[in-house]
Protein chains: 2
Amino acid sequence: MRPENIDVTGLPPRPSPDHSDCRAVASVLARVGDKWSVFVIMMLIDGPKRFNELKRMINGISQRMLTLTLRGLERDGLVTRTVFPTIPPRVDYELTDLGRGLAEPVKALGQWAFTHLPEIEGARNDFDTRNAE
Amino acid sequence: MRPENIDVTGLPPRPSPDHSDCRAVASVLARVGDKWSVFVIMMLIDGPKRFNELKRMINGISQRMLTLTLRGLERDGLVTRTVFPTIPPRVDYELTDLGRGLAEPVKALGQWAFTHLPEIEGARNDFDTRNAE
DNA sequence: CTGTATCCGACGTGATACTG
DNA sequence: CAGTATCACGTCGGATACAG
């Protein structure tokens, strides 16, 4: 079950494509698409940040969601978590090389979204008013 | 409430950044991140497709989800829906110019995900076994 | 400061049945 | 063929309280 046998890589057709890769690619896309990951990545681009520092920068994120988001990014090897056993405790989060690599295509996507925002919002308005009354 | 005042465009700092754009960019990212949109876009890159044609190509998608995904893409102006009032009915879905434009950064992201799959899966395994017992 | 634990409502997704 | 309607379930996310 679920999306198999689909090539979303845009890569030229390979001789013996491994179709199971599709699910895995989708899982990476899902991380990018989740509500907060991209924001956290963007915040970390210009250097490591502390937990509450991130929380303050990302307006509206809850403590719980920041924790979960950071755990997810850490699990995928995109972010490192270093604990300084001081009192009070201090924890720094920093992008890995992998994370910095991911930031590039993500920024490209963000730029596209930003430049085409008017068209998309226009299309949404048109669609909504068409299906209004 | 919610992610405001955050620049996820990666654009060089502008004089008077419009912070409300952030939410809108996030909504585009959310579309890319949802479970099926990217697959549909990829399927439509090389020409228009019919409803059931898409359903067959995307292994595992339900009729309901295909409908909802296509509606969402149509609403955002990424896909056109043309009905041929024949019997039986025939409906073609096709990428708009906007949709084809979006496909580019999405493909870039897909390529990145594909090439770095081993590192990510490795990191996930490491993380999971570290936090196992 | 940096989390974890718990509760709860909202939403996304799938399965199934039905319609024009 | 191309949907819509309904239900059922699981996950996501926010709020709050508490801990090391």
Side-chain angles (χ1 to χ4, degrees), chain A residues 1-4 6 23 26-27 29-40 43-44 48-76 79-94 127 130-131, chain B residues 1-4 6 23 26-27 29-40 43-44 48-76 79-94 127 130-131:
Chain A
M1 45 175 85
R2 243 125 317 134
E4 303 180 43
I6 305 167
R23 283 207 297 266
S27 77
L29 262 37
R31 175 151 310 293
V32 171
D34 84 7
K35 200 171 178 181
W36 300 109
S37 290
V38 168
F39 291 111
V40 173
M43 295 300 101
L44 291 178
K49 299 272 177 302
R50 301 181 57 170
F51 185 86
N52 271 0
E53 205 171 351
L54 286 170
K55 183 156 164 31
R56 275 190 302 273
M57 298 176 80
I58 305 178
N59 201 322
I61 194 171
S62 66
Q63 200 168 29
R64 171 188 152 83
M65 277 305 105
L66 182 53
T67 300
L68 290 180
T69 302
L70 287 167
R71 284 291 178 286
L73 294 171
E74 191 194 353
R75 186 174 104 99
D76 287 2
V79 159
T80 58
R81 175 177 183 270
T82 62
V83 182
F84 301 88
T86 58
I87 298 179
R90 172 202 176 115
V91 181
D92 275 13
Y93 293 92
E94 184 172 14
F127 185 92
R130 256 202 314 278
N131 304 33
Chain B
M1 50 176 83
R2 241 120 325 129
E4 303 176 43
I6 305 164
R23 284 206 298 265
S27 77
L29 262 38
R31 174 150 311 294
V32 171
D34 85 6
K35 199 171 177 181
W36 301 108
S37 290
V38 169
F39 291 111
V40 173
M43 294 301 101
L44 291 177
K49 299 273 178 299
R50 302 182 55 169
F51 184 88
N52 272 358
E53 205 172 350
L54 286 170
K55 184 155 163 33
R56 273 190 303 273
M57 296 177 82
I58 305 177
N59 201 323
I61 193 171
S62 66
Q63 201 167 26
R64 171 188 153 83
M65 278 304 105
L66 182 53
T67 300
L68 291 180
T69 302
L70 287 168
R71 285 290 178 285
L73 295 172
E74 190 193 353
R75 187 173 106 98
D76 287 2
V79 158
T80 57
R81 175 176 182 270
T82 62
V83 182
F84 301 88
T86 58
I87 298 179
R90 173 201 175 115
V91 180
D92 274 15
Y93 292 92
E94 186 172 13
F127 185 93
R130 255 201 316 277
N131 305 32

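Heavy-atom basis, side chains included; hydrogens, waters and symmetry copies ignored. Note that the structure is predicted; figures quoted are calculated from it, not measured.
Atom CG in A:Asp92 sits roughly 12 Å away from atom C1' in C:dC1 (whole-Å rounding). If you measure from atom CG of B:Leu70 to atom P of D:dT4, you get 11 Å, rounded to the nearest angstrom. Atom CD1 in B:Ile87 sits about 11 Å away from atom C1' in D:dC1, given to the nearest Å. What separates CZ of B:Arg31 from C1' of C:dG12 is a distance of 13 Å, to the nearest Å. Taking atom CG of B:Leu66 as the reference point, atom P of C:dG12 lies 17 Å away to the nearest angstrom. Rounded to an integer number of Å, the gap from A:Lys49 NZ to C:dT2 P is 13 Å. We find that CG of A:Asp34 is positioned 18 Å from P of C:dC11, with the value rounded to whole Å. The distance from atom NZ of A:Lys35 to atom C1' of D:dG14 is 8 Å, rounded to the nearest whole Å.
The side chain of B:Thr67 sits closest to D:dT4 out of C:dG20, D:dT4, C:dT13. Set against C:dT2, D:dG14, C:dT13, the side chain of A:Ser62 has D:dG14 as its closest nucleotide. In the set C:dC1, D:dC1, D:dG14, the nucleotide with an atom closest to the side chain of A:Asn52 is C:dC1. Among C:dG3, C:dT13, D:dG14, the nucleotide with an atom closest to any side-chain atom of B:Met65 is C:dT13.
Listed here is the closest heavy atom pair of B:Phe39 and A:Ala26: CZ-CB, 3.8 Å. Annotation for B:Tyr93 and B:Leu44: closest pair O-CD2, 3.4 Å, computed over non-hydrogen atoms. The minimum heavy-atom distance linking A:Asp92 with A:Arg50 is given by the pair OD1-CG, 3.3 Å. Heavy atoms only, all atoms of each residue included: B:Pro88 and B:Thr86 are closest at O-OG1, 2.8 Å.
Residues B:Gln63 and A:Phe51 both approach DNA chain C. Their nearest nucleotides, taken by heavy-atom distance, put A:Phe51 toward the 5′ side.
The phosphate of D:dC1 has neither OP1 nor OP2 within less than 4.0 Å of any side-chain N or O from B:Tyr93. Residue A:Arg71 places at least one side-chain N or O closer than 4.0 Å to OP1 or OP2 of C:dG3. Of the side-chain N and O atoms in B:Lys55, none sit less than 4.0 angstrom from OP1 or OP2 of D:dC1. Using a 4.0 Å cut-off, some side-chain N or O of A:Arg81 falls inside it from OP1 or OP2 of C:dG3. One finds no side-chain N or O of A:Arg64 lying less than 4.0 angstrom from the OP1 or OP2 phosphate oxygen of C:dT4. Between C:dT2 and A:Arg90, no contact under 4.0 Å exists linking OP1 or OP2 to a side-chain N or O.
If you check every strand for non-hydrogen atoms under 4.0 Å, A:Phe84 touches nothing.
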For this session: Go through B:Arg31 and B:Asp76 one step at a time and tell me if the salt bridge (charged side-chain N to carboxylate O under 4.0 Å, His left out) criterion holds.
Result: CA-CA 9 Å; B:Arg31 174 150 311 294; B:Asp76 287 2; 2.5 Å; yes

